[in-house]
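To start, the structure itself, in structure tokens.
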Amino acid sequence: MLDRKTEIWVALICLLAGLLTAILWVPFDSETPPIYDFRRQTYIGDAMLPMVAALGIAVCALVHLLLSWRRKVTEADGPFDKLTAAFFLCLFAIIIAAFVVMYWAGPVALALFGPSGEEAATYRQMRSTVPWKYIGFVSGGFILVFGITSLLEGSMRWKRALSSILAIVVLIVIFDLPFDTILLPPNGDF
Amino acid sequence: MSVLEYVWAGVLAVIAGPAAFEIFGLGVPITVLMVFGGFVIGIVGGATPGLAGPFLMAVSLPILLSIFGFTPDALLPVLGFLVGVMKGATVGGAVPAILFNTPGTPDAMLTTFDGYPMAQKGQAGKALRTAHFASVSGDTFSDIVLFTCAPFLAIAVEAYLGFGEKAALILLSLAFVAAVVGASPMKGMIAAFFGLFVAAIATGEDSYPRLTFETDFLANGVPLITAVLGVLILGEVLYAFEQMWRDRRVEKIKEVQQEGDQRLTWAERKRLFPYISVSALIGTGIGALPGIGSTLAATLGYATGDRMHKGPVKFGDGTPEGVAATEAANSSVSGANLIPVLSLGIPGNVGAVFLILAAESIGGFNPGPGVFRFTTSEVNPELVIAFGLFTAMMLANIMNWIIGGRIMAACGVMSRIPKQVLLPIVLLLTLTAIYVQETDFNAFYFAFAFAILGYLMRKLKVPTLPFVIAFILAGNLETSIRQAFAVSGGDSWFLFKSPLSILFLLIAVGVIIFFSRPKKPAANKAIAAERDS
């Protein structure tokens, strides 16, 4: 169990979210109400399941709130602190950079170094050909794997760069070489 | 078809199914090959700290679906591979526990208590052989219980339960899983209700997809496999990243010279047998209940073995009986865990979740009471698949008996891969697996949204398993409730009309109240960790 204060906050947020969802979101974003009559027959409508779920969350959160309220006050660190924020800032910076490079590296490389003039081709036409199909996956994958490993270790090492490249090569061998129909990221988007 | 003919058809579907390739004119059946591949990968993954059976099953599933497609022919190879992984990972988890005091899988924590001291005394080989012998014995016993119990339970459920009772049974199962997994039943229930809610997005019977804010992004609903991988795997990866970043320490591995006779003689095996038998019974009993993990089985098996033990070396000081008691208990959970899956259609653990996902994705096999209809006039293809699955499990057991020990011994090197190197690769592997399934970058956004949800749930100690199981069962639950309501003629008390459904609902409430009472501190770290997870 977490400390009492955090448990109370968790319960309060779930209670509020459950109630708002049941009262506002579900009724206004479903075509039929929980119960409705159609041609003198009574039916369960599309709002029933989400409304029961949202009310269930609210009721359980209320019980949890009461149980947590009755607990003795405990002093403990909360689940999140400044370190959490700092870590996720760095982690998501790496992930976003990796995704941007993964998505755009292939088309940009093709535009810069690909055939030009009458032989010019779109990335969609070239997405299944070597080397274009690997550029995004290799460069984005490398930033992702090597970046996170370096973040976790607090240093950049050549050994880790090599192991990251090796891992990506293994993934290409697993996913791409044996199958003609499988597209590595981001080639399916083009 | 008679019962025996169904069993034989299932066996033939595996051993005489489509061939992958030929050796000297003899075809090697694709299902047998996949079981073998899954089994080897399972042992290697289980022996790698940071990976585990569910990780491997999660990552393999989209790849397998891409390879085999969505035809009924894909069912047995895909399920066979997943079963192989499940079984391989169970034995593989003992390798780093014995050699390096690092459990490869959470349930191998107790194996370190005696396995590692044995390795320190130069008896690592004997400890590995003991773990393998106990594990495979427990697993085989558990499978036999599954094969005999699941059909009878399924037939009883199909014969005696109507729509209302089935809906009540699903609610009971959800309540049970929510109550027993994690530290707080109320948080488990919140997770389960949240799973139902997320599953409701863009589903339903009306032409307008509900809860989508009229956006195209949500109009196709939440992709099932992406969401499950996000919460279970990527959420765990993010959580582990943060822990490693905080710890940032490297543990040096100390080599110990192994000496003496490393073999496990028949006399020694005979001496271990009572411990293995008792632990297998405990593990099978616990495994049949949804939601209760193998860690509890291992703990009870170890504690019972400790009470039975009269030998010169005490439990905890490096005795083979300690390793056997633990490994037999945690391995015998895996087969029995499939009893609720095959007889009720309710996944009881993470491994079973992926078997259900595979079956649902491919189609043509809906695990549940409907599978075991022994129709005589026409062939029930689902029943043939069920017996094919049993055959695949037995094949994996046979492989485990014959070569499992040797593969285990060769996997010690995997324990040396640092987690900070392995987990980023697992992240890319999971993302790639998701992409080959969805072929859309949007899948990454869904995956990360669910990864953050999974991370937050772990940090706030809200169990993830009730969320995933509710998410998967939501469709069946809604259908059963709609049908029960229609059959009752629109009666608001439709769930309370039969004594059996009232009983199920009362038990559900009773389970939640029982597990909500204040708990005593757990006797050991493993149980405490499982409670808090």
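Here is how names work: the chains are called A, B, and so on, in the same order as the sequence lines, proteins then strands, and each is numbered from 1.
Residues A:Glu7 and B:Lys187 are paired through a salt bridge, judged by an N-O separation under 4.0 Å between the basic side chain and the carboxylate.
Side-chain atoms of A:Phe88 and B:Glu242, non-hydrogen and from C-beta on, do get closer than 4.5 Å to each other.
Contact count against chain A (heavy-atom pairs under 4.5 Å) is highest for B:Thr432 among B:Leu429, B:Asp440, B:Thr432. The greatest number of non-hydrogen atom pairs below 4.5 Å with chain A, out of B:Asp491, B:Leu196, B:Leu460, is found for B:Leu460. Contact count versus chain A (heavy atoms, under 4.5 Å) is highest, among B:Leu211, B:Val436, B:Ile425, for B:Leu211.
The aromatic rings of A:Phe92 and B:Phe448 lie perpendicular to each other, with more than 60° between the two planes, well past the 30° mark.
Both the backbone and the side chain of B:Ser207 come within contact range of chain A, with heavy atoms under 4.5 Å apart. Interface residue B:Ile481: backbone and side-chain heavy atoms are both found under 4.5 Å from chain A. Proximity to chain A (any heavy atom under 4.5 Å) is shown, for B:Ala433, by both the backbone and the side chain. Using a 4.5 Å cut-off between heavy atoms, B:Glu205 contacts chain A through both its backbone and its side chain.
No side-chain N or O of B:Tyr208 forms a donor-acceptor pair with one of A:Asp46 less than 3.5 Å apart.
Distance OH/A:Tyr103 to CZ/B:Phe444: 11.5 Å, rounded to 0.5 Å.
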Evaluation steps, side chain to side chain donor-acceptor pair (under 3.5 Å), between A:Asn187 and B:Tyr435 = CA-CA 10 Å; A:Asn187 299 331; B:Tyr435 191 87; over 6 Å; no

